[in-house]
S.K.: 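Structure in C-alpha cells, see below.
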Amino acid sequence: MREITTVGVIGLGTMGAGIVEVFAKAGLSVVGVDGTPELAERGRGFLEASTGRAVAKGRLSEEDQAAVLGRVTWSHRLTDLAGADLVVEAVPERMEIKRDIFTTLDGIVREDAILASNTSSLSLTEIAAATAQPQRVIGMHFFNPAPVLALVEVITTLLTDDEVTGAVRELAVRLGKKPVVVGDRAGFVANALLITYLARAIRMYETGHVSREDIDAAGKVGIGLPMGPLTLADLIGLDVVKEVCDVLYAATHEPSAAPPALLQQLVTVGRLGRKTGQGFYAYEKPGSGVVTDAPEAVGRPGAASSVAVVGTGDLATDLVDRLTAAGTTVTAVDDPGADTASLAGTPVVVLVGGPEGSCEDCGSGDCLIAEGVDPSDATACECCHGTAPEAWFGAVAESLDSRTVLVPTDEPSAWALLGRIDPEVQVVPVAVHRPTRSGSLVEVARQIDGDDGAVRSVDATFAAAGFVTLVTRDRAGLVVDALLYPHLNDAVRMLDSGYAGAADIDTAMTAGCGYPQGPFAMIDEIGADEVADGLTDMQTETGDPALSPSPLLVEHAVANRSFLG
Ligand code: 3HC
C-alpha cells in the first residue's frame, strides 16, 4: 500500500484551512496553497487562530500547536505541490476553476500522486475528465467545521482506481475520520439529504407561519440536531447551500431541491451567512457566530395560574409534575368517572391521551378507554370501535365555557372535542415532543380563528413549566414533523435507489452533520408506520406529491420491520 506523508491543499478558505488543520494535526506535512501571497497568509492566520483557540481551551499544548504550525508551509504557487503524495483541492465551486487547476496539476505532481477534490456539489466525473489520468482523481469531501466533524465522503467515478480508493479510505481513518465510499451522484449522501432539508426549512420560513427562531428551535430542540436549519445554513454559507440546491435540482428536477426564492435573494444581495456577517441572522462581524438581531428575551406574560391536566400516562404525569414545580395550581384528573363539572372556570385544561394499551380488543397503544371500562360500551375507543374518544374528554369539554382554553395534546384528544364544545371555548392544540439533548419542545398551534390571548396564555404556561415553546399555524406536522418526516422519507428513497446503504447513510448524517442518530435509527425509534402516516396527512393537506411516503417506508410500516438489524 502506498504511503501518504506529504499533502497539498489548494484553496485556504473556511474548508481548505480546516482541512490543512486536520492533516497537520495527524502528523502529515502540508503545503497550503492559495492564489496570492495575501490569501496564503490568510490561510496561515486561520490555522493560527483555530489552534490558538484550542490552546486557550487547554485542548492543545503550546508545544503541540508549534508542531502543527511547523508542519505546514504556505505558498501561492501550484508548482510547490510537486512533491505531494496527495493534493486536495478546496477552491470555490466553479467547474471551470476546478478543471483548470486539475489540468495544471497534471503537469506538476508526480505520476503516482492522487488528485482529490473537496467539491460538495460538482460532478467529480467532469473534473476527472479534465485530467490526463482520471483514474487517480477522487473526491474527499469534508464537513464544516472540518476539524470537528468526522465524516469524509470518498467519492469515486467509474474510472477511479481501486487502489487509489483504498489509499484515501485508509488515510481518512488515519486522520481519525469516518469514511463513507460512494459513487458520483449530485449532492452525494449528506448534502443530498441535508440541503434538501434546509431548503424545506427556508420555504417554511418564507410562509411566515413561524418565526426564524422557532424554526431553529424545532430543529435543535424538537428533533435534537446540533443546530437549527437556518443557523446551520448561515454557518455553511448561503451561496454554498444555493449551489448545492441548483445542482440537486438540475439532477433530479424535484421541486423540493429547488433553491427557495428567499435563498436566491439573500445570495444576490451578498448576505451569505456568517462569513459576510449577515444571512438569516445578523452577526457581530463577518466570521462570527454571535447573533446581534435576536429578539429581546422578554419573559412571557400570561401563564395560567391554574391548570387541569385530564388524562393518564407518562405525559400526563410529567405535565402535572412540571406545572406543579413551576408554582402552578394543578388539578390532575386521571379517572374518567371523576366529576368534571368542577373544572368549569379553570383557565387552561390540557387533554392527554388515555391509558396506553388498555383496549383489549385491538391492543392499541393510543386507546382512550380507561382501565376497567368495558369497550363494548363503545364510548371511547376510536382505534377499533370506529367512534371518536368522546366519552371522557367530551364530557370534560361540555362542562367548560369561554373562561377556559382547551389544549388537546394529540389527535384523539382533539377529535373527542368535535361537536362537544361551546364555540366560545378557545381550543389551542399542542404537540409535546420527547426530550432531546437541548430540552423539551412544545409546539403551540394557532388555528385560523384562534384568539391571540389564548395562544399566548398556552405558550406562556408551557414555557413557565420549563418547556421550549414555539408557535405556528395549525397545519399537518406543525414544524417538527413537517421538517423531519420528509427528510426521513428522502433517506428511505436514497436507500431504495441503491445509492447507499442504511448504515452508511446513518454514518453520513451522524459523522457529517452531528446528528445524535441517523435517519434510519430515527425511523426505527419513531416507527415507520407513524412516519408514513404523518407524511400521508401532510400530503392530504397540501396535495404535494413529494410528501407521499416512499414505497420502501410503507413496506416497512406494513411489515412492522425495522431498517437497522
Ligand atoms: N474549528 C475548530 N473547532 C471548532 C470549530 C471550528 N470552526 N467550531 C467549533 N469547534 C469546536 C469547539 O472548539 C468545541 O470544542 P471543545 O468541545 O473541545 O471545546 C466543539 O467544536 C464544540 O463547539 P461549541 O461548543 O462552540 O459549539 P457546539 O457544541 O454547538 O458545536 C458545531 C458547534 C460543531 C458546529 C455543532 O453545532 C455542529 O456539529 N453543527 C452541525 C454542523 C453541520 O451540520 N455541518 C455540516 C454542514 S454540511 C457541509 O459542511 C458540507 C458542505 O459541502 C456544504
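Residues: numbered from 1 along the sequence shown. As the structure is a computational prediction, the values presented were derived from the model and not from experiment. All ligand and atom numbering here is 1-based and tracks the order in the structure. All heavy atoms count here, side chains included; hydrogens, waters and symmetry mates do not.
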S.K.: Kindly check if the number of other-residue, nucleotide or ligand heavy atoms within 6.0 Å of CZ (Arg71) is above 12?
M.R.: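 Yes, enclosed.
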S.K.: Taking only Lys NZ, Arg NE, NH1 and NH2, and the carboxylate oxygens of Asp or Glu, determine whether Asp106 and Arg136 approach each other closer than 4.0 Å.
M.R.: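 Here Asp106 pairs with Arg136 in a salt bridge, since their nearest N and O are under 4.0 Å apart.
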S.K.: Sorted by first residue and then second, give each ring pair (Phe, Tyr, Trp, His ring centres under 6.0 Å) pair with at least one member in residues 220-259; sequence neighbours left out.
M.R.: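 Checked against ring pair (Phe, Tyr, Trp, His ring centres under 6.0 Å) - neighbours excluded - the pairs reaching residues 220-259 are Tyr249-His253.
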S.K.: Under the rule for side-chain contact (heavy atoms from CB on, under 4.5 Å), what residues qualify as partners of Asp34, not counting sequence neighbours?
M.R.: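 If we apply the side-chain contact (heavy atoms from CB on, under 4.5 Å) test to Asp34, skipping adjacent residues, the hits are Leu12, Leu39, Arg42.
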S.K.: Who are the ring pair (Phe, Tyr, Trp, His ring centres under 6.0 Å) partners of Tyr283, not counting sequence neighbours?
M.R.: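 Result, ring pair (Phe, Tyr, Trp, His ring centres under 6.0 Å) vs Tyr283: none returned.
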S.K.: Looking at Phe467, I'd like to know if the NZ or CZ of Arg322 sits under 6.0 Å from its six-membered ring centre while staying within 45 degrees of the ring's axis.
M.R.: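 Verdict for Phe467: a cation-pi partner in Arg322.
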S.K.: How would you list, by chain and number, the residues with a heavy atom under 4.0 angstrom from ligand 1?
M.R.: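 Contacting ligand 1 under 4.0 Å are Ser50, Lys57, Arg59, Ser120, His141, Phe143, Asn144, Pro145, Pro147, Val148, Leu149, Asn191, Leu194, Pro226, Met227, Leu232, Ile236, Val240, Gly512, Cys513.
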